[in-house]
Protein chains: 2
Amino acid sequence: MKWSDLSDNWCPVARALSIVGDRWTLLILRDCFLGMSRFEQFIESSGMTRHILADRLKRLVEAGILERKAYSTSPKRYDYVLTDKGQELAPALLTLRDWGKKHMPVRRTTSA
Amino acid sequence: MKWSDLSDNWCPVARALSIVGDRWTLLILRDCFLGMSRFEQFIESSGMTRHILADRLKRLVEAGILERKAYSTSPKRYDYVLTDKGQELAPALLTLRDWGKKHMPVRRTTSA
DNA sequence: AAGGTAAGTTTCGTTTTGGAACTATGGCAA
DNA sequence: TTGCCATAGTTCCAAAACGAAACTTACCTT
């Protein structure tokens, strides 16, 4: 079965994951909740490659989770901002954060 | 940057995603919360392929999210059951479920 | 002996990802 | 008015992950 077929799954968790459950997507949304909205900000913050980011942004906009708002017309430039639908993912991010804090300690690479 | 490098990220969301944020993993955990515990159950329920499931189960056991409990020794067979660490992912699944229910309606393929 | 069940493993061809370079558009400074 | 910088992508290629299906192992039933 293809991952993309999940969008029609009977299970709401599966449908949610069909758009938000792949590599990087939730990390972009985390950055949005931290106030970021631009391509280069996402790149620097997340460490993902440029063309994966471009792909994810497109998908998030198509899914109605982010909205693409021009902040410059001369060279066309856009802010990517959370829609209401996107805003409502906050609880999911927060529960993941709490779980990560509690159960995924930073194992420091014994340096120095 | 490699996806697997996220486990050392400063951000607890990123660290959580390093283990739980790839394709299929959260779907397996959903099945666990629905009471499933065996290989063939996961296969039938999720629609993923066998060797991907085998890989994910191994990673989840290594991460201490699932525990491998023998239910038969003659042919060695195991149940995969949630540890406490795994149980505590329930809120994350529930918030995703709620979001999916609200924002990802099943679009039925205009059949019949 | 033949077939069935459960849990993987292997193989192979297709997608997705990572890394880096390249393009487009305009601002600004020399 | 040429040259450099910034932003936001796009393109190319090699490496890794994935999907489908067949194969394996170990036992059990008929």
Side-chain angles (χ1 to χ4, degrees), chain A residues 1-9 14 17-29 31-32 35-63 66-81, chain B residues 1-9 14 17-29 31-32 35-63 66-81:
Chain A
M1 188 213 248
K2 291 275 172 53
W3 177 260
S4 54
D5 296 342
L6 284 183
S7 52
D8 281 322
N9 200 278
L17 291 175
S18 75
I19 164 69
V20 120
D22 63 3
R23 282 173 164 83
W24 303 115
T25 296
L26 281 173
L27 231 42
I28 295 173
L29 294 174
D31 287 346
C32 291
M36 299 178 194
S37 64
R38 302 198 179 162
F39 197 91
E40 300 296 328
Q41 290 178 314
F42 296 131
I43 285 294
E44 194 182 0
S45 163
S46 70
M48 63 192 301
T49 61
R50 314 178 73 77
H51 77 298
I52 299 292
L53 174 61
D55 174 78
R56 295 301 188 276
L57 288 175
K58 197 189 310 173
R59 288 160 47 65
L60 285 168
V61 169
E62 279 168 8
L66 294 183
E67 192 181 355
R68 200 155 164 267
K69 292 192 169 178
Y71 71 88
S72 151
T73 44
S74 35
K76 296 199 176 184
R77 295 289 152 74
Y78 301 91
D79 277 313
Y80 294 91
V81 300
Chain B
M1 188 213 249
K2 292 274 172 55
W3 176 261
S4 53
D5 295 344
L6 285 182
S7 52
D8 281 323
N9 201 278
L17 290 175
S18 75
I19 165 69
V20 121
D22 63 2
R23 281 172 164 81
W24 303 116
T25 296
L26 281 174
L27 231 42
I28 295 173
L29 293 174
D31 287 348
C32 291
M36 300 178 193
S37 64
R38 299 196 182 165
F39 197 91
E40 300 296 328
Q41 289 179 315
F42 297 131
I43 285 293
E44 194 182 0
S45 164
S46 70
M48 63 193 300
T49 61
R50 315 178 72 77
H51 78 298
I52 299 292
L53 174 60
D55 174 78
R56 294 300 187 278
L57 288 175
K58 196 189 309 175
R59 287 160 47 66
L60 284 168
V61 168
E62 277 167 10
L66 294 183
E67 191 181 354
R68 200 156 163 266
K69 291 191 170 178
Y71 72 86
S72 151
T73 44
S74 37
K76 295 199 176 184
R77 295 290 152 74
Y78 301 91
D79 278 313
Y80 293 91
V81 300

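All figures in this text were calculated on a predicted structure; none of them were measured in a lab. In what follows, chains are A, B, ... by sequence order, proteins preceding strands, each numbered from 1.
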Would you give the length of the straight line joining atom [atom1] of [X] to atom [atom2] of [Y], rounded to the nearest 0.5 angstrom?
{"X": "D55(B)", "Y": "M48(B)", "atom1": "CG", "atom2": "CE", "result": "8.0 Å"}
{"X": "H51(A)", "Y": "T49(A)", "atom1": "NE2", "atom2": "OG1", "result": "5.0 Å"}
{"X": "Y80(B)", "Y": "Q41(B)", "atom1": "OH", "atom2": "CD", "result": "12.5 Å"}
{"X": "D79(B)", "Y": "L66(B)", "atom1": "CG", "atom2": "CG", "result": "11.0 Å"}

R68(A): which residues meet the salt bridge (charged side-chain N to carboxylate O under 4.0 Å, His left out) condition with it, sequence neighbours left out?
none
Salt bridge (charged side-chain N to carboxylate O under 4.0 Å, His left out) partners for R23(B), two or more places apart:
none
Need two values: the first and the last nucleotide of DNA chain C, 5' to 3', having an atom under 4.0 Å from any heavy-atom of chain B.
dA6(C) to dG19(C)
Atom of F42(B), atom of I28(B) and distance for their closest heavy-atom approach:
CE2-O, 4.0 Å
Which heavy atom of R59(A) sits nearest a heavy atom of S18(A), and at what distance?
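That would be NH2-O, 3.8 Å.
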Using a 4.0 Å cut-off on heavy atoms, which residues in residues 55-62 of chain B reach DNA chain C? List them by number, or say none.
none
In residues 35-44 of chain B, which residues come under 4.0 Å of DNA chain D by heavy atom?
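Result for residues 35-44 of chain B: none.
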Using heavy-atom distances to pick each residue's nearest nucleotide on DNA chain C, tell me which of I52(A) and S74(A) is more 5'.
I52(A)
Which comes earlier along DNA chain D counting from the 5' end, the contact point of R50(B) or that of T73(B), where each point is its nearest nucleotide?
R50(B)
Given DNA chain D, 5'-ward residue of the pair D79(A) and K2(A), judged by closest heavy atom:
D79(A)
For DNA chain D, which nucleotides open and close the run of contacts to chain A, 5' to 3', at under 4.0 angstrom from a non-hydrogen atom?
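Using the under 4.0 Å cut-off, the span is dT7(D) to dA20(D).
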Assign T49(A) to base, sugar-phosphate, or nothing according to its heavy-atom contacts below 4.0 angstrom with the strands shown.
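T49(A): base contact, heavy atoms under 4.0 Å.
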